[in-house]
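Read the structure below first, then the notes.
Note that ligands are numbered from 1 as they come in the structure, with each ligand's atoms numbered from 1 the same way.
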Amino acid sequence: MKGRILSGFRSTGKLHLGNLVGALQNWVKLQDEYECFFEIANWHALTTAYENTKDQKELIQEVAIDWIASGLDPERSTIFVQSDVPEHSELYLLLGMVIPLPWLERNPTLKEQVRDLNLQGKVNYGLLGYPVLQAADILIYRATTVPVGEDQVPHLELTREIARRFNSLYGKVFPEPKPLLTQFPKVKGTDGKKMSKSLNNNILLSDPPEVLKKKVMKSYTDPKKIHKNDPGRPEQCPIYEYHTIFNTNESPTVRRDCKRGHIGCVECKENLYPHLQEGLIPYREKREDLKKNPQKLEEILQEGGKRARKIAQETMTMVRDAMHLWN
Ligand code: TRP
Ligand code: SF4
């Protein structure tokens with residue numbers, strides 16, 4: 001039997017190269033091997049974006065468009081919006097009964113977020129419960145496998161602990177899902193740090209050529225390479241990394257010429273640009289097709305929601321049975 005995958009993104013809008021290389025390209029391949037569920041987690045998005053709820057509809061659509069443009073196939077995979085499957089919220093509530101508070105309070109991802117977003121003393125209940133909702137997302141599909149990045153490993157560990165605790169209290173309903181880590185390291189942003197949605201350092205799949213060009217030409221490079229003939233350190237340079245992704249054949253030459261000081265950074269960027277530009281054309285074209293046909297996108301998400309909901313309802317029947325609740 002095929003394993004079952006569930007993974008997702010929060011609905012935070014357009015995707016960048018880090019999302020593509022770090023997650024999506026991997027998901028696209030997994031579609032052959034697994035039964036796949038891909039969720040746009042709009043309730044999770046509200047844990048921090050609760051003041052801008054009216055943007056959600058558009059942000060959800062942008063994620064869906066980028067997913068499909070990247071090769072997620074709505075025929076083979078179930079692509080859906082979290083809030084279209086209200087059963088998640090019921091399971092979330094029930095799991096809330098079996099999870100000890102300290103498990104949530106020691107969550108390293110939460111601690112990081114508190115530090116990064118300056119939330120000391122301002123953590124809302126929803127944010128504390130974030131991993132419980134994520135556990136519900138995964139367990140409600142009885143998923144076996146969850147492809148995620150390193151940063152999500154603590155959440156997955158918590159999901160496994162919740163599954164174990166539920167199963168030992170009420171009998172086995174949930175498999176313990178395993179993380180499937182992408183080998184691809186984080187893609188560097190144009191400032192040399194990790195590419196991220198919130199830092200102004202990303203290259204979007206949807207960036208038009210003029211914007212792409214500007215981002216490339218302004219990008220950070222090895223700060224020790226000032227003159228053309230200075231030897232550079234390609235490992236520290238985002239431009240070299242983009243060569244390895246979009247100009248694979250020539251990237252060994254770029255690396256050598258950079259190290260030997262045979263090429264300047266401006267020239268190196270100019271060489272990269274057409275490859276990046278061409279590499280993104282197929283995504284941009286597919287995006288535009290979908291943009292022109294919002295009806296079709298709507299149908300895909302509705303159909304995905306229906307398929308997901310069927311399984312979620314089955315699981316909830318199992319859960320209520322196991323707990324001897326009202327079925
Ligand atoms: N927390 C994930 C992130 O920030 C998004 C997410 C929500 C998720 N539910 C999930 C990921 C279930 C994997 C499985 O990227
Ligand atoms: Fe980066 Fe290219 Fe400059 Fe080397 S030559 S530092 S790879 S931009």
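Remark: R160 engages E176 in a salt bridge, criterion side-chain N to carboxylate O under 4.0 Å. Checked for salt-bridge contact, E62 and R287 meet the test: a charged N lies under 4.0 Å from a carboxylate O.
With a 4.0 Å cut-off on non-hydrogen atoms, E39 touches ligand 1 through its side chain and not its backbone. Residue L133 does not touch ligand 1, judged by heavy-atom distances below 4.0 Å.
Applying the salt bridge (charged side-chain N to carboxylate O under 4.0 Å, His left out) definition to pairs two or more places apart or across chains, those involving residues 243-257 are E235-R255.
Note that CD1 of I60 and CG of N42 are 4.0 Å apart. Values are rounded to the nearest 0.5 Å. The line from CG of N26 to CG of L180 is 6.0 Å long, rounded to the nearest 0.5 Å.
Atom 3 (C) of ligand 1 has Q152 NE2, 3.4 Å as its closest protein atom, hydrogens excluded (heavy atom only).
Residue L6 approaches ligand 1 through these ligand atoms, each under 4.0 Å from one of its heavy atoms: 12 (C), 14 (C). Near H44, meaning under 4.0 Å from one of its heavy atoms, ligand 1 places the atoms 7 (C), 9 (N). Interface of R10 with ligand 1, defined as ligand atoms under 4.0 Å from a residue heavy atom, comprises 4 (O). Close approach of ligand 1 to D137 is summarised as follows: ligand atoms under 4.0 Å from at least one heavy atom of the residue are 7 (C), 9 (N), 10 (C). Close contacts between ligand 1 and A41 involve ligand atoms 7 (C) [criterion: under 4.0 Å to a heavy atom]. Close contacts between ligand 1 and G8 involve ligand atoms 5 (C), 6 (C), 8 (C), 11 (C), 13 (C) [criterion: under 4.0 Å to a heavy atom]. Near I138, meaning under 4.0 Å from any of its heavy atoms, are these atoms of ligand 1: 12 (C), 14 (C).
By the 3.5 Å distance cut-off applied to N or O atoms, Y130 is counted among the residues near ligand 1. In terms of polar-atom proximity, defined here as any N/O pair under 3.5 Å, Q134 does make such a contact with ligand 1.
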Open item on the list: Checking K224 against D230 for the side-chain contact (heavy atoms from CB on, under 4.5 Å) test, could you report, in this order, the C-alpha distance in whole Å, the side-chain angles of both residues, the deciding distance, and whether it holds?
Closed with: CA-CA 8 Å; K224 290 209 173 137; D230 296 340; over 6 Å; no
TODO: Output, in order, the C-alpha distance, side-chain angles, deciding distance and verdict of salt bridge (Lys or Arg N to Asp or Glu O under 4.0 Å) for E157 and R164.
DONE: CA-CA 11 Å; E157 197 40 56; R164 276 199 288 275; 3.7 Å; yes
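Aromatic ring centres of F9 and W67 lie closer together than 6.0 Å.
For the 3.5 Å distance criterion, the side chains of R4 and T145 fail to qualify, holding no donor opposite an acceptor.
Cation-pi geometry between K213 and Y273 is satisfied (NZ or CZ under 6.0 Å from the ring centre, within 45° of the ring normal).
For atom 1 (Fe) of ligand 2, the count of nearby protein N, O or S atoms, meaning those under 2.8 Å away, is 1.
When each of L272, T190, V266, L212 is tested with M217 by the rule side chain to side chain contact (heavy atoms under 4.5 Å, CB included), just one qualifies, namely V266.
A continuous path of Ile, Leu, Val, Met, Phe, Trp and Tyr side chains, each step under 4.5 Å between heavy atoms, connects L46 with L93, placing both in one hydrophobic cluster.
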